[in-house]
Amino acid sequence: MEIGILGGGIAGLSVALALRKQGYNPRVYERRAEPATMGAGVTLWPNASFVLEELGLLQDIDAIGGRPLTMHRQDAVGNALGGLDIALLDRTMGYPTYTVLRRHLQEVLLDHVARARIPVEFGHRAVRIELDANGRAVAHFENGASIRPDLLIGADGRMDSVARKFVAGDNTPVYQGFVNWIGVAQGQHALVDDISIQDFWGAGERFGCVAIRPQLVYWAAAQARPLSETIPTADIRKEVEDLFAGWPEPVSHIIRATPANAVRLIAVHDLEPLHTWSRANVLLVGDAAHAPLPTSGQGACQALEDAWHLARCLNGASGCLDEAFRAFTKIRSPKTAKLAEQGRVFARGLFATDPETCRMRNERAKASDPVRDVQVLAAGWGQGLPMPSCTDSTPAQGGGFGSLYRIE
Ligand SMILES: Cc1cc2nc3c(=O)[nH]c(=O)nc-3n(C[C@H](O)[C@H](O)[C@H](O)COP(=O)(O)OP(=O)(O)OC[C@H]3O[C@@H](n4cnc5c(N)ncnc54)[C@H](O)[C@@H]3O)c2cc1C
């Protein structure tokens, strides 16, 4: 079976690897001329590590990643608001959590793709998909090329997915009322005391920093803003520095340890959950199918889960695409829709500006039971995977993903 994958991001490359492992011959088409080096970092929670292990990548991730053992929360003046015992989460789910730079994760994926002899055609921006006379999808690229594979997988992201437009008729992302500034800080000396995730909550503002090594930390600052005010200023780093001046250290220290020209401003969008992820022989995966907000903590992890499930569904359906698509969507849709919704709920709490709402939110966070939080989170994130935390009696089967506000 000829398989074409639109998009060489986390979803496209991991799907390619998972399919190759099952003996398929996928080919990836990426719009960029070369591998992306942009972006900050990603936290790969234990459900992602399960998939990475299955794909044979976990050893390489271990070599490039940090192993955070805790997440600490504080308010904007340094009062403790509880946190997450990541070591306990890892033990409960049976796999480690890693923090990695996005470009390093991409390098590992591309390295394995090259070793598996999966072709990646850079400089191929899909512009349109249409059906031929036999009802088979044809993808056209900006450079004039076109493909007509047996299976076309849309892994072309959240902002302007050509595949989503073909499947759902609409691919308009939804602005969720806040911006992210992202950066990577690197120091000669330690920037933080330990490998942990630190999450600071204000009123309408948030700062999260994630250590990979004591000298290497990626961060995301966020603020509630109308869409009309999401144009980057001339000195983006200065804007963030001013906005978060006076917040507890290491916030200012980390911003200053980031090259000024490497801070990016992103107007954060997500996508409405879809009822169907396929049309004809085209299937959506990753953000093109289900793009949660960064507050879900799970965007990249869910892209990886798609890869693992899709390979199994295709095998289970013995080549019948309709059956494989049905099985895949049935498994993946409820979990990803729940996470997308949860991401929105978290964002509403995090970016509330009303002082009383923020006070209550902080009180709730302080009062949460750390062991119970881990159990609920483990059950939700492990759902649908053969992980120790995923049993039929766990609360996530009923639909909960815990009460934490996570950062990625
Ligand atoms: C502001 C922000 C911060 C985030 N931070 C984190 C984080 O820290 N941790 C985390 O887990 N998740 C994070 N996410 C979510 C995460 O980035 C995504 O869920 C994850 O990257 C999904 O992978 P993907 O491959 O589906 O999409 P992408 O990573 O977006 O990859 C899509 C690929 O398709 C290519 N492409 C796009 N259009 C075309 C086309 N027309 N033709 C060919 N190729 C095309 C793109 O160039 C890209 O390579 C963040 C999201 C946002 C919006």
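Residues: numbered from 1 along the sequence shown. Counting starts at 1 for both ligands and their atoms, in listed order. Being a predicted model, the structure only gives us computed values, none of them experimental. Note: hydrogens, waters and symmetry copies are ignored here, and every other heavy atom, side chains too, is used.
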Per-atom contacts of ligand 1 with [X], taking only distances under 4.0 Å to non-hydrogen atoms:
| X | answer |
| --- | --- |
| N180 | 1 (C) |
| V42 | 8 (O), 9 (N), 10 (C), 11 (O) |
| A155 | 32 (C), 33 (C), 34 (O) |
| R158 | 15 (C), 19 (O), 51 (C), 53 (C) |
| G299 | 19 (O) |
| G41 | 7 (C), 8 (O), 9 (N) |
| A300 | 10 (C), 11 (O), 12 (N), 19 (O) |
| G286 | 26 (O) |

Worksheet item: In chain order, what residues pass the ring pair (Phe, Tyr, Trp, His ring centres under 6.0 Å) check against F325, with sequence neighbours excluded?
Response: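 Result, ring pair (Phe, Tyr, Trp, His ring centres under 6.0 Å) vs F325: none returned.
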
Item to complete: Would you please test D60 and R115 for salt bridge (Lys or Arg N to Asp or Glu O under 4.0 Å) and show each step?
Response: CA-CA 13 Å; D60 290 356; R115 284 198 246 160; 3.4 Å; yes

- Describe, in one word, how the ring planes of F351 and F178 are oriented to each other, choosing from parallel (under 30°), tilted (30 to 60°) and perpendicular (over 60°).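 Rings of F351 and F178: parallel, as their planes differ by under 30°.
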
*Parallel under 30°, tilted from 30 to 60°, perpendicular over 60°: which one fits the rings of F50 and Y95?*
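The arrangement is perpendicular - the two ring planes meet at more than 60°.
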
[X] to ligand 1: N or O pair under 3.5 Å?
| X | value |
| --- | --- |
| A126 | yes |
| G297 | no |
| A11 | yes |
| H269 | no |

Handout entry: Min heavy-atom dist P294 to ligand 1 below 4.0 Å
Key =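 Heavy atoms of P294 do come under 4.0 Å of ligand 1.
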
Check for me whether M159 has a heavy atom closer than 4.0 Å to any atom of ligand 1.
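Not so, M159 does not reach ligand 1.
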
Tell me which one of [options] gets a heavy atom nearest to [atom].
| atom | options | answer |
| --- | --- | --- |
| atom 5 (N) of ligand 1 | R102, H290, R32 | R102 |
| atom 26 (O) of ligand 1 | L304, D306, L109, D287 | D287 |
| atom 48 (C) of ligand 1 | E30, R31, Q298, E142 | E30 |
| atom 27 (O) of ligand 1 | G157, A288, G343, S14 | G157 |

*Hey, what do you get for NE2 (H112) to CG (L17), rounding to the nearest 0.5 Å?*
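The NE2 atom of H112 sits 8.0 Å away from the CG atom of L17.
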
Requested in this report: Determine, for Y98 and R67, whether the Lys NZ or Arg CZ falls below 6.0 Å from the six-membered ring centre while staying within 45 degrees of the axis.
Outcome: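 Verdict for Y98: a cation-pi partner in R67.
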
- Between R206 and D199, is there a salt bridge with N-O shorter than 4.0 Å?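 Judged by the 4.0 Å cut-off on N to carboxylate O distance, D199 and R206 do form a salt bridge.
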
Between the main-chain N or O of [Y] and the side-chain N or O of [X], is there a donor-acceptor pair closer than 3.5 Å?
| X | Y | value |
| --- | --- | --- |
| W45 | W381 | no |
| T99 | A211 | yes |
| Q74 | Q198 | no |

* Asked: Hey, is F141 touching ligand 1 through its side chain, its backbone, both or neither, going by heavy atoms under 4.0 Å?
  ->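 Answer for F141: neither.
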
R213 side chain to Q215 side chain, donor-acceptor N/O pair below 3.5 angstrom: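 No pair is found: no donor N or O on one side chain lies under 3.5 Å from an acceptor on the other.
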
Quick one about T233 and E239 (side-chain donor to acceptor, distance below 3.5 Å, no hydrogens or angles considered), yes or no?
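Result is yes, a qualifying pair exists.
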
